[in-house]
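Note: hydrogens, waters and symmetry copies are ignored here, and every other heavy atom, side chains too, is used. Letters A, B, ... are given to chains in the order of the sequence lines, protein chains preceding strands, and every chain is numbered from 1.
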Protein chains: 2
Amino acid sequence: MPGHHPARGRRTTERKGDVRERAILDTCEALLARKGYDAMTIGDVAQGAGISRGALYFYFGSKQEVVTALVARTVEHLWERSRATAQTDDPRQAIATAMHRTVELWNEHGLVMRTAIDLSLTVAEIGELWNHTADLFIAAITAVLERAGVQAGTAPDQASAMARALCWMIERSFYHASQESREKLQEASATCEHIWLISAGLIT
Amino acid sequence: MPGHHPARGRRTTERKGDVRERAILDTCEALLARKGYDAMTIGDVAQGAGISRGALYFYFGSKQEVVTALVARTVEHLWERSRATAQTDDPRQAIATAMHRTVELWNEHGLVMRTAIDLSLTVAEIGELWNHTADLFIAAITAVLERAGVQAGTAPDQASAMARALCWMIERSFYHASQESREKLQEASATCEHIWLISAGLIT
DNA sequence: ATAAAAATCGACACGGTGTAGACTTTTTCT
DNA sequence: AGAAAAAGTCTACACCGTGTCGATTTTTAT
């Protein structure tokens with residue numbers, strides 16, 4: 001329909017580059033799943049996205065930047081979801097829904113989350129991204145523990161320190177389980193939930 | 001002293017290569033600490049060991065093989081130590097000594113252990129090494145839990161599954177803490193011990 | 001002393017990364 | 001619509017680290 005003016009007052013223009021950028025990230029995610037980080041080459045990603053290597057470097061300055069952007073995209077999604085979570089008064093209920101949501105997260109984004117964890121050491125920016133994510137989780141766990149009656153504070157047997165340990169337990173358990181199968185993930189979740197409940201003093 | 005015969009009946013011959021091999025591994029460990037795995041190059045290691053790159057490839061077929069050998073050397077040390085551990089009947093005591101020993105292990109070999117964990121995914125052989133090590137720990141934890149009265153079995157709330165989760169909790173907590181300082185490691189240990197005790201039902 | 005085995009080296013080929021500069025397409029402004 | 005600017009694309013190249021090869025030297029055993 002020639003002569004058609006798209007609505008004004010709103011940025012209609014989606015740069016061609018925006019589409020490409022998404023294509024690059026999508027390809028990166030797919031290749032990460034198929035070949036893993038080391039085996040995946042910039043050339044592969046470029047080819048998958050339908051451009052040449054040189055063109056890719058117009059968008060990202062390095063292989064690390066590409067995967068950092070991918071992690072950022074995913075992690076942003078996590079934050080959004082976690083912000084949208086309804087709060088409950090009952091700690092038992094809070095724990096159950098938190099674990100359930102976490103299972104969903106890992107089912108959906110397990111690959112990128114594992115990659116983020118793996119690269120946290122080597123790629124500083126990814127490390128920060130993941131640290132921040134972990135801090136959100138730790139804060140949430142701390143809150144639940146305190147509401148369940150665990151003494152607030154940072155001593156080894158108080159809420160804050162315990163929350164950190166529980167967070168790492170969940171991270172690592174899910175990291176391994178999500179590589180195996182959804183069933184294993186479900187089992188790991190049940191176990192972590194159980195230990196969390198015990199630690200909160202909600203189970204004998 | 002010409003004509004000197006080294007004592008017989010005992011393998012006096014330590015191949016020159018044996019010394020070199022040790023030198024290579026030692027250098028590798030030092031460089032790993034200084035620059036990290038990615039930044040460390042085969043050339044660096046060779047230079048540090050006082051030989052050329054070409055000569056290094058006489059000993060090891062690849063960079064991965066070098067670090068795999070280093071991990072193997074360290075892990076063997078762990079196994080030895082863990083075999084030599086006295087058993088106690090009192091679960092509380094068993095947990096305390098286990099955590100204490102683990103702190104020592106991480107203080108001494110934290111760097112290599114972290115490297116092993118990082119490379120578990122990419123280098124299959126290191127993965128197996130570390131898995132086996134983890135299995136030893138899990139078995140030990142399981143035994144203690146059962147002796148403390150936790151029901152044996154693999155269901156999510158039974159000894160085996162809980163031991164696995166606790167193992168990951170300890171691994172991850174120590175992984176992070178050992179990067180910071182001995183104090184942090186000590187604190188992390190106290191927290192993990194506390195959660196372990198609660199999970200075993202030895203604390204209200 | 002000598003022959004076999006062990007160890008060493010320098011040169012080379014390969015593959016992946018990242019850069020440079022020329023060129024084309026798209027967007028923006030009037 | 002049309003020109004200038006901005007955005008996007010490509011090919012070629014330089015660099016670096018890995019791993020291989022064959023020739024050579026050193027060590028070891030007899």
For residues 58-67 of chain A, tabulate all N or O donor-acceptor pairs below 3.5 Å that involve a side-chain atom, not counting sequence neighbours.
{"from": "A/S62", "atom 1": "OG", "to": "A/Q64", "atom 2": "N", "distance (Å)": "3.4"}
{"from": "A/S62", "atom 1": "OG", "to": "A/E65", "atom 2": "N", "distance (Å)": "3.2"}
{"from": "A/K63", "atom 1": "NZ", "to": "A/Y37", "atom 2": "O", "distance (Å)": "3.0"}
{"from": "A/K63", "atom 1": "NZ", "to": "A/M40", "atom 2": "O", "distance (Å)": "2.7"}
{"from": "A/E65", "atom 1": "OE1", "to": "A/G61", "atom 2": "N", "distance (Å)": "3.0"}

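- When side chains are defined from C-beta on, B/T68 does not count as touching B/L119, because their heavy atoms never get closer than 4.5 Å.
- Salt-bridge formation is not detected for the pair B/R164/A/E187: no Lys NZ or Arg NE/NH1/NH2 atom is positioned less than 4.0 Å from an Asp or Glu carboxylate oxygen.
- As rounded to whole Å, 12 Å separates atom C1' of D/dC16 from atom NZ of B/K63.
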In residues 126-139 of chain B, what donor-acceptor pairs under 3.5 Å come from side-chain atoms, sequence neighbours left out?
{"from": "B/W130", "atom 1": "NE1", "to": "B/E171", "atom 2": "OE1", "distance (Å)": "3.0"}
{"from": "B/T133", "atom 1": "OG1", "to": "B/W79", "atom 2": "NE1", "distance (Å)": "3.2"}
{"from": "B/T133", "atom 1": "OG1", "to": "B/L129", "atom 2": "O", "distance (Å)": "2.9"}

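- Rounded to whole Å, atom P of D/dT27 lies 15 Å from atom CG of B/D18.
- Note on B/K16: a side-chain N or O is less than 4.0 Å away from OP1 or OP2 of D/dT27.
- Note on A/R20: every side-chain N or O is 4.0 Å or more away from OP1 and OP2 of C/dT25.
- The side-chain heavy atoms of A/L145 and A/L166, taken from C-beta on, include a pair separated by under 4.5 Å.
- The line from CZ of A/F174 to CG of A/L105 is 10.0 Å long, rounded to the nearest 0.5 Å.
- Contact check of residues 35-61 of chain B against DNA chain C (heavy atom, cut-off under 4.0 Å) returns B/I51, B/S52, B/G54, B/A55, B/F58, B/Y59.
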